[in-house]
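To keep things clear, I will list the structure first and then write my remarks on it.
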Amino acid sequence: MNNVDVKEIDKKWQNFWLKNKDSPKINNKKKKFYCLEMFPYPSGKIHMGHVRNYTIGDVLARYKSMCGFNVLHPMGWDSFGMPAENAARENKLDPKDWTKENIATMKKQLQSLGLSIDWDLEISTCDEEYYKHQQALFIDMYNKGLVIRKETYVNWDPVDKTVLANEQVINGRGWRSNAIVERKKLSQWFFNISKFSNELLEDLKTLSDWPDKVKLMQKNWIGKSVGCEIDFEIEGGQKVKIFTTRPDTIFGATFLALSVDHPLCKSFNEKEDFLKFKKTVSQVGTTEEAIANAEKVGFDTGFKAKHPFIKNKTIPVYVANFILMDYGTGAIFGCPAHDQRDYDFAKKYKLEIIQVIKPKVDTDNFKNQNIKGAYDGEGNLVNSEFLNDLNILEAKERIISEIERKKIGKKTISFRLKDWGISRQRYWGCPIPMIYLKDGSVVPVEKSELPVRLPEDVDLNSKGNPLENHATWKKTTYKKTGENAIRETDTLDTFVDSSWYFIRFCSPKLDDKPFDEKSLNYWMPVDQYIGGVEHAILHLLYSRFFMRAINLNDEKINIKEPFKGLFTQGMVCHETYKNQKGTWLSPEEASKFDKSKIIIGPPEAMSKSKKNVIDPESMINIYGADAIRWFMLSDSPPDRDIQWSNEGVAAAHKFVQRIWLLNEKILNRGDVDSSEEVEKEFFSKVNKYLDRITNLIEKFQLNVAIATIYEAVRFMEENLEKTIKNRDFLECQTDLIKTIMPFMPHLSCECLSKLEGNDFYSKIKWPKIKKTLLVDSNVIIVIQVNGKKRGLISVKKDIEEKDLVQKAKKIENIDKNLKNKKVVKQIFIRNKIINFITT
RNA sequence: GCCCUCGUGGUGAAAUGGUAGACACAAAGGACUUAAAAUCCUUGCCCGCAAGGGAGUGACAGUUCGAGUCUGUCCGAGGGCACCA
């Protein structure tokens, strides 16, 4: 018998699926399942990470579809962004052409994987057909008050000449250019995401199908803290509002500290020593770690603030480098005894340190009257007048009510989450549909004027923003009044594009509005979203914000959370290779060298820079799509990293052939004598395999499901010669192949078409598990003596304890172990274990 | 510094508190072959021809008849946040 030609069946069934495709329609009788993988950036070619991501999604989509769900499984392109602009500049191409070409290549590659994607729903964010709706959404959001304009310090990337969001700054460097980021003050557009801070935090609790890890990361990112604001009066009449989460330590306050950007500091801007201080502060390090570890320094304003609870006590007011203007109120009171930063600061400037918490468990912080380090643990209040003896929680409550009674402050909640800066000074993005009028006002473009198209004749080689530099593009008129106006030349952060594409997929061809409420309400939320954990915070948080923004004041939409289930898959890793000069070698290059002459590094995520990449296309050409898909899932749990190995794929390919051979053998098996007992056992065993595979797919343990398929296939092979009617054998094989279908669709279709004939395709349903066959009449019971395994016994199911004991004691090894000993206790767990405890 | 996750053979990994190492890769030995490839079988730490026994899931304690699994402390690796008051 011959091997199957994998390249041929790949082509054959991909064409077949194309002809027999069945686009999902709204069908209220059928349960829907929206399966979505994070859409790719069209960088040129697909990489193994895409293969893994989309294979996981495809297994689920095909499985759900076979189970009778109405499955939506679309794909699109996150096609705006800087690489297109950079590549276009280097190769003197139009970003649009470069992007289109990449999309065409990558689409063909994805199709060669045999994914069950409905390409009729394809969208691309750089298409006018997409971004015009995004502009309409932007205007809606503006009208809902969710778009605001603020002048702020921004992270300026001097290489890419663009503003970066905080999240795009990694260790003080631009996330793409790796250039050291500078601070610059600019007027920017923001989405008012902080309006939803509390909701975004609270609703995490409803996301039961998300990994806890991701929820925790979002929780920390939003960073809620409960505290209170207190007004301090400065001698001379001014007031400073501070924020603290430890109002209970107010009697330990020995100074105030302000941010350099605090409004009160404006009056010092002419003082030379202040400017000098400001300059040194801004020069301190660039990486976040350096900032965090920088020495605490301050500037004495000379002001004295009145302590709100201690008569006639004043405390000095400093400007300090460790106070941030954009958290809380940009001012704090310092309590050196119970906050390490304040402690360091107080030591440096020889400020008073007053202990107000007596630790529950003795520490050496406060011994010998010489306070060593800050204590921030549990304890009771001391040196605090009316708060004395209360614990921290009680003291907080008491002092807040006192503050509120005196009307010098109130309980407040602070969030770490800041508004989302969305302006980018780049060309290849969605133009922000706003215009500037002569009187200085800024208004949205009339919706009837949309889209605001990107011009095609731009000079990408000039520095700065190409739209700003364009000769005519920014000149426009305001439709309402006919007056001349200037367009906003910034474009939107590409995170905006990906914050609603999953909504667009519900009605991707709709021309007059971004989405149709009926489709949205039917398909959303995404039942299973699959992608890399690197998007755990930003993309997901922004998408959750968008869903709420769309929901706001719109009663027709009843979806709040966009992604019901989330799965984060691991990366694809490979060993790294270097030659003796230390330059990276690709696996192919390395294989040409003598092993002793190359340095082999540990497996790391495949990356172009380390050259440890394997090209999916060439692998598909050698082994076929099924083997690649199979290998991507077989070696590790889907949420963990996987190590690429050539042997592994080769093994997957061999298994493809083994299944094919088994199928051929069964087809040519001819009829055999049957024995009822053997048949019953056979059916029961196969059913157990089918049941396990089903449960494992449901639990997303795809690697274990694959291990079970290996076992099941071996079982079939071993039973070929047994007394089993061929009709029954064919039935079991058909069921088994169907469970392989989500993993290896090409091979499975080829096998099924042989097993079931021409109309097999309409009959592909997930096998029904016969529950009655899962129950065994016999069970294997473990026999232990003093908790140690001493034997196994096969007995009738539900055997009684005394019968089991009798049988067990007859086993030689058990008898030996119990000899001369008295059994003092017996632990019996029905159908599982018997444990004899002896003296 | 704070928070989280994970430590199981040569490797990737399985294991509702109840047979540790399923399944796969690699390795060694064997079968088939003139030979090789392919395929198949066996082995996997210590004692033993074997039956069997001992040790064993990062370390040390604890809970339990029984712990890879639960609890505590420590060590190691990875990830997130990072002057957030």
Side-chain angles (χ1 to χ4, degrees), chain A residues 3 171 211-221 223-225 227 242-247 249 257 259 284 287-296 320-324 326-335 338-342 344-345 376 414-418 533-534 536-537 573 603 630-631 634-637 640-652 654-655 657-658 661 696 701 703-714 780-792 812-813 816-817 824-829 831-838:
Chain A
N3 280 351
N171 289 332
D212 290 336
K213 183 180 153 191
V214 174
K215 283 189 276 190
L216 190 70
M217 279 161 79
Q218 291 221 350
K219 186 184 164 199
N220 292 339
W221 189 263
K224 178 179 181 172
S225 45
I242 65 93
F243 174 76
T244 181
T245 56
R246 293 295 302 275
T249 63
S259 158
V284 168
T287 70
E288 279 170 351
E289 203 185 341
I291 292 166
N293 296 331
E295 195 191 0
K296 277 132 194 74
N321 64 337
F322 62 98
I323 306 302
L324 306 172
D326 49 8
Y327 183 79
T329 58
I332 60 143
F333 73 71
C335 176
H338 304 288
D339 182 290
Q340 193 58 44
R341 291 159 303 183
D342 297 348
D344 295 343
F345 192 80
D376 59 3
S414 246
F415 291 94
R416 211 191 70 107
L417 181 66
K418 288 163 205 150
V533 73
E534 67 272 19
I537 299 173
C573 300
W630 185 260
F631 174 68
S634 65
D635 259 25
S636 295
R640 241 188 266 179
D641 287 354
I642 193 165
Q643 255 184 74
W644 178 268
S645 92
N646 289 333
E647 293 79 12
V649 202
K654 277 182 207 164
F655 190 57
Q657 298 299 354
R658 221 175 108 196
L661 204 67
L696 288 163
Q701 290 186 276
N703 57 324
V704 193
I706 280 176
T708 310
I709 291 170
Y710 271 110
E711 282 185 62
V713 167
R714 183 193 286 173
I780 290 170
I781 290 180
V782 181
I783 308 165
Q784 295 183 341
V785 177
N786 293 325
K788 286 213 158 113
K789 184 186 93 176
R790 295 297 174 193
L792 296 172
E812 198 192 331
N813 199 39
K816 200 175 91 191
N817 274 285
V824 291
K825 202 174 172 187
Q826 267 167 217
I827 311 288
F828 171 70
I829 309 285
N831 296 327
K832 260 191 187 152
I833 200 164
I834 177 93
N835 187 3
F836 297 104
I837 313 301
T838 68

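Letters A, B, ... mirror the listed sequences (proteins, then strands); counts begin at 1.
- Dashed line: the shortest gap from a side-chain N or O of A/R790 to OP1 or OP2 of B/G52 is not under 4.0 Å.
- Closest to the side chain of A/K788, from the set B/A85, B/A55, B/C81, is B/A55.
- Judged by distance alone, the side chain of A/S414 and the main-chain N or O of A/S225 form no donor-acceptor pair under 3.5 Å.
- Residue A/I706 is classed as having no contact, given no heavy-atom separation below 4.0 Å to the nucleic acid.
- With both ends at atom C1', the span from B/G79 to B/C70 equals 25 Å, rounded to whole Å.
- Residue A/E647 places its side chain closer to B/A26 than to any other of B/A26, B/A85, B/U19.
- Relative to the side chain of A/N220, the nucleotides B/U19, B/A15, B/C3 differ in distance, and B/C3 lies closest.
- Which of B/G54, B/A82, B/C3 sits closest to the side chain of A/L216 comes down to B/C3.
- Rounded to the nearest Å, the gap between the P atom of B/G54 and that of B/C4 is 40 Å.
- In terms of heavy atoms, A/N835 sits closest to A/G787 at OD1-N, 3.0 Å.
- Across all strands shown, A/F243 has heavy atoms under 4.0 Å from base atoms, whether or not it also approaches the sugar-phosphate.
- Residue A/K654 is classed as a sugar-phosphate contact, given heavy-atom separations below 4.0 Å to backbone atoms only.
- Of the possible donor and acceptor atoms, one in the side chain of A/N786 sits under 3.5 Å from a partner among the backbone N and O of A/T838.
- No contact: A/S634 has no heavy atom under 4.0 Å from any strand.
- A/S645 comes within 4.0 angstrom of no nucleic acid atom, judged by non-hydrogen atoms across all strands.
- Of the candidate nucleotides B/G54, B/C83, B/A24, B/C83 has the atom nearest to the side chain of A/K296.
- The A/K816 side chain lies nearest to B/G52 when the options are B/A85, B/A22, B/G52.
- In this view, A/R640 and A/P637 satisfy the side-chain contact (heavy atoms from CB on, under 4.5 Å) rule, not counting sequence neighbours.
- A/S636 and A/D641 share no side-chain donor-acceptor pair at under 3.5 Å.
- The P atoms of B/A24 and B/A14 are separated by 15 Å, rounded to the nearest whole Å.
- B/G1: Watson-Crick or G-U partner is B/C81, with both key distances under 3.5 Å.
- In the set B/A85, B/G12, B/G52, the nucleotide with an atom closest to the side chain of A/I323 is B/A85.
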Would you list the protein and nucleotides 62-69 of chain B atom pairs, both N or O, that sit under 3.5 Å from each other?
from: B/C65; atom 1: O2; to: A/N835; atom 2: ND2; distance (Å): 2.7

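- Here A/N703 lies in heavy-atom contact (under 4.0 Å) with sugar-phosphate atoms only.
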